[in-house]
K.L.:
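Structure provided below as structure tokens; questions to follow.
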Amino acid sequence: MLAQQRSLCGGSKVPASTLLPLARAARPCVPAMGSSPSPQVCPKLNQDVRRQLLTPLRSSLTTEHVTSPGNGVAQPSLHSFGKLNVEDAYDLERNDWNTTSLSVVVLGASGDLAKKKIFPALFALFYEGLLPPEFHVFGFARSRMTDAEFRELIASTLTCRVSARERCVEKQDDFLRRCFYSPGQYDEAESFQDLNRRMGEVEAGCGKQRSNRMFFLSIPPNVFIPAAGGAADYCSTRTGWTRVIVEKPFGRDSASSAALSRGLAAHLREDQIYRIDHYLGKELIENLTVLRFSNLVFEPLWSRQYIRNVQIVFSENFGTEGRGGYFDQYGIIRDVIQNHLLQILALFAMEPPVSLAAEDIRNEKVKVLRSMRAVQLDDTVLGQYRSRVHSGRTLPGYRDDKTVPEGSLTPTFAACALFINNARWDGVPFLLKAGKALHTRRAEIRVQFRHVPGNLYKHKFGPDLDSASNELVIRIQPKEAIYLKVNNKVPGLGLQLDTTRLDLQYQSAFQQSELPDAYERLLLDVVNGDKRLFIRYDELEAAWDLFTPLLHEIESRKLIPELYPYGSRGPVGAHYLAAKYGVRWGDIANEEPEDV
Ligand SMILES: NC(=O)C1=CN([C@@H]2O[C@H](COP(=O)(O)OP(=O)(O)OC[C@H]3O[C@@H](n4cnc5c(N)ncnc54)[C@H](OP(=O)(O)O)[C@@H]3O)[C@@H](O)[C@H]2O)C=CC1
Ligand SMILES: O=C1O[C@H](COP(=O)(O)O)[C@@H](O)[C@H](O)[C@H]1O
């Protein structure tokens, strides 16, 4: 087996007899798991070991290391190495792929997310040459599978993102050869010891002195903590960094989220935890700060002085099909609004950060969240889709889903108005709306500007000046675009005005038939230790504080959601909510063809 693995790994061969003393020397003092690092008590590594094992290079330190460790967030990852001198710990955090291998472990490897997103994203990164030469994937789940079966499972999920890519099949074969499977229970020490052994064998076969390990918890929330514990306690690398990606849901409310955070903190330090929100990895969201902070025409307008309201809208033209069991325990507020849409809001509304460093950005986002008042029930509309016959086809209602409990009151649609109580946004409604089984699949940010004071052409617009005000639309998906609605003279004699678009359509402007998937960007960020697009524990806490009272009220009062037909635009109540704040939803105009 080892010989076969060696032949898989192209790098230089360092025998295990060389690696063991290095690893031992690199662990001069072993702390209790989860204990905080105290660099002063540890001697620096022996210089010979340093030379062989570590290459000092301060310039590649990630931002988390240069911020003060006093805030409990920005400590270097000493966990897997024991109590090290800070300098040594910094070295171990770097990626030097000449000396280091990378192992990505997918816990829940048999599941939907792994197949749909994680394996294809890893392959895309591998295809583009963005992963190190010594890179391996380990699947872990309860299902029993051989390596060969696991490779078959992965093969069925892989595509070449852009058709007819060069040497795609060859690359797929190369990728599959790097995949290994280790079955086990999420709460069983021996299972993780087996996994660790397997990883050790494969890594040793690569001939690299060090190994970095990245775990993706792609499992249901009831096993998050035991699985994180198993991974951290039994599978942490001793010669590099160990990072753990956690998928939502991060709890159901403030208390359960805090319990989850405590559970994770018992095994991992905050800087090892990457809480993923895949909306932050979408191209247009990544571009949001570029658009605002590097264009003079936008940044000065980004306040209550010029912006009347902001709308963040998510709609899907399909129901919970198959995911009703999960969805019913959470509902649309927890599934989409409290995380994806609120994250977009925070990024949109934050003050300019000191720099683009992760902690600077996250500091500003958390300030926005903490400046908001908790969402009020009066400012919320709930809906649930019902069945509808469309073109002779019966589209099932939410409660027709076999996995949904009978008589469920879980909302599949919600709209709410939020306010940021700071100088920049005082009084500006931020309207968030999300729904399943609506008329279209779309996610966008709409910024409606105030009307022009003393507009010389006022008489051309009729009494509703707001309807002729500028609107900036950032379409996150599909057909990514940024367009600004402006008033313009219709060409010709006479003076007729019309609203038209300054239009940036990504597909035509950038001639890329497909953009990288959010998971590609985010996985690569984890490899690079970049936490800009991941949720910090205090952001999460602030996000739950905003929604927990509302969620408890909805549930304790057993509020009945307004029914809306599958494929419609959602409950009428959403329009009353907007009207309460003098707003009209921007997405009601038929700007794009409907696509039910
Ligand atoms: N699927 C999606 O589109 C999205 C998922 N997520 C989140 O990602 C995580 C994974 O999602 P997804 O892949 O859909 O989940 P799955 O329900 O497909 O579960 C993943 C794997 O976990 C194991 N598993 C399932 N149920 C249990 C259980 N009750 N106890 C122990 N193990 C179980 C199964 O593997 P085995 O039985 O082999 O151990 C399964 O293959 C979840 O936290 C989910 O909320 C987030 C965003 C989108
Ligand atoms: O997190 C989730 O997101 C998906 C929508 O993601 P997208 O990238 O396809 O827009 C949503 O369907 C799911 O309910 C939710 O859990």
Side-chain angles (χ1 to χ4, degrees), residues 106-121 139-145 149-150 153 157 181-188 191 195 215-228 230 244-252 260 275-285 312-344 385 398 401 403 410-414 434-438 440-444 475-480 515-522 535:
V106 182
L107 304 175
S110 56
D112 181 59
L113 186 71
K115 290 186 267 194
K116 208 168 63 186
K117 294 289 183 185
I118 304 173
F119 299 136
F140 178 95
R142 298 172 307 181
S143 306
R144 299 212 72 84
M145 259 186 277
E149 285 163 337
F150 181 52
L153 177 148
T157 72
Y181 187 76
S182 184
Q185 301 294 325
Y186 301 105
D187 57 356
E188 204 179 73
S191 299
L195 171 66
F215 294 83
F216 198 129
L217 302 189
S218 181
I219 42 179
N222 59 315
V223 284
F224 276 175
I225 296 173
V244 177
I245 306 171
V246 189
E247 256 294 355
K248 70 168 231 271
F250 310 121
R252 299 188 76 253
L260 174 63
R275 294 181 195 83
I276 208 166
D277 183 312
H278 77 279
Y279 264 65
L280 293 183
K282 296 202 182 250
E283 184 63 41
L284 274 270
I285 299 301
I312 306 177
V313 176
F314 164 100
S315 72
E316 277 181 344
N317 57 356
F318 49 89
T320 52
E321 287 116 45
R323 284 187 80 215
Y326 151 81
F327 188 86
D328 201 71
Q329 294 174 45
Y330 292 91
I332 197 77
I333 296 179
R334 293 183 178 95
D335 192 45
V336 172
I337 298 183
Q338 181 270 354
N339 37 63
H340 303 325
L341 303 197
L342 190 63
Q343 280 297 320
I344 296 174
Y385 66 90
Y398 176 65
D401 185 332
T403 55
T410 300
T412 59
F413 173 100
K436 293 202 171 262
L438 294 173
T440 188
R441 174 174 176 262
R442 198 176 304 170
E444 57 192 19
R475 197 192 307 127
I476 302 161
Q477 65 186 31
K479 298 191 202 140
E480 293 79 359
L515 297 171
D517 185 76
Y519 280 86
E520 290 171 41
R521 186 189 313 282
L522 294 171
I535 322 282

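Both counts, for ligands and for their atoms, begin at 1 and track the order of listing. Please read all numbers here as calculations on a predicted model, not as lab measurements.
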K.L.:
Which of the atoms in ligand 2, numbered in the order shown and given with their element, are less than 4.0 Å from a heavy-atom of Glu316?
P.N.:
4 (C), 5 (C), 11 (C), 12 (O)

K.L.:
Below 4.0 angstrom from a heavy atom of His340, which ligand 2 atoms are there? Numbered from 1 as shown, please.
P.N.:
1 (O), 2 (C), 3 (O)

K.L.:
What protein heavy atom lies closest to atom 9 (O) of ligand 2? Include the residue and the distance to one decimal.
P.N.:
Arg441 NH2, 4.0 Å

K.L.:
Determine whether the aromatic ring centres of residues Phe119 and Phe150 are separated by less than 6.0 angstrom.
P.N.:
yes

K.L.:
If you measure from the Lys or Arg side-chain nitrogens to the Asp or Glu carboxylate oxygens, is any gap between Arg521 and Glu283 under 4.0 Å?
P.N.:
yes

K.L.:
Going by side-chain hydrogen bond (donor to acceptor under 3.5 Å, both in side chains), Asp517 matches just one of His278, Lys116, Lys117. Which one?
P.N.:
Lys117

K.L.:
Does any part of the side chain of Thr320, heavy atoms only, come nearer than 4.5 Å to the side chain of Thr403, both counted from C-beta?
P.N.:
no

K.L.:
Between Leu153 and Tyr181, is any pair of side-chain heavy atoms under 4.5 Å apart?
P.N.:
no

K.L.:
If you have a sec, work out which protein heavy atom is nearest atom 13 (C) of ligand 2 and how many Å separate them, to one decimal?
P.N.:
Arg323 NH1, 3.3 Å

K.L.:
So Tyr186 and Pro220, do their side chains get closer than 4.5 Å, heavy atoms only?
P.N.:
no

K.L.:
Between Pro249 and Arg334, is any pair of side-chain heavy atoms under 4.5 Å apart?
P.N.:
no

K.L.:
With a 4.5 Å cut-off on side-chain heavy atoms, are Phe327 and Ile332 touching?
P.N.:
yes

K.L.:
For ligand 2, which atoms, with element, lie under 4.0 Å from some heavy atom of Lys248?
P.N.:
1 (O), 2 (C), 15 (C), 16 (O)

K.L.:
May I ask you to list the atoms of ligand 2 that are less than 4.0 angstrom from any heavy atom of Gln477?
P.N.:
7 (P), 10 (O)

K.L.:
May I ask you to identify, for Phe327, whether its side chain, its backbone, both or neither come under 4.0 Å of ligand 2 on a heavy-atom basis?
P.N.:
neither

K.L.:
Just to verify, what does Lys248 make a side chain to side chain donor-acceptor pair (under 3.5 Å) with, not counting sequence neighbours?
P.N.:
Asp335

K.L.:
Using a 4.0 Å cutoff against the non-hydrogen atoms of Lys436, which atoms of ligand 2 qualify?
P.N.:
11 (C), 12 (O), 13 (C), 14 (O)

K.L.:
Considering the heavy atoms of Asp335, write down every atom of ligand 2 situated less than 4.0 Å from one of them.
P.N.:
13 (C), 14 (O), 15 (C), 16 (O)

K.L.:
Tell me, do Phe140 and Ser191 make a side-chain contact under 4.5 Å, heavy atoms counted?
P.N.:
yes

K.L.:
Considering only heavy atoms of Lys282, which atoms of ligand 2 have at least one such atom less than 4.0 Å away?
P.N.:
7 (P), 8 (O), 10 (O)

K.L.:
At what distance is the nearest protein heavy atom to atom 10 (O) of ligand 2, and which residue and atom is it?
P.N.:
Tyr279 OH, 2.4 Å

K.L.:
Let me know which protein residues bring a heavy atom to under 4.0 Å of ligand 1; chain then number is fine for ordering.
P.N.:
Gly108, Ser110, Gly111, Asp112, Leu113, Lys116, Ala141, Arg142, Ser143, Tyr186, Ser218, Ile219, Pro220, Asn222, Val223, Phe224, Glu247, Lys248, Pro249, Arg323, Tyr326

K.L.:
How close does the nearest protein non-hydrogen atom get to atom 3 (O) of ligand 2, and which residue and atom is it?
P.N.:
His278 CE1, 3.4 Å

K.L.:
Is there a side-chain contact between Ile476 and Ile344 (heavy atoms, below 4.5 Å)?
P.N.:
yes

K.L.:
Is the shortest side-chain heavy-atom distance between Ile337 and Leu342 below 4.5 Å?
P.N.:
no

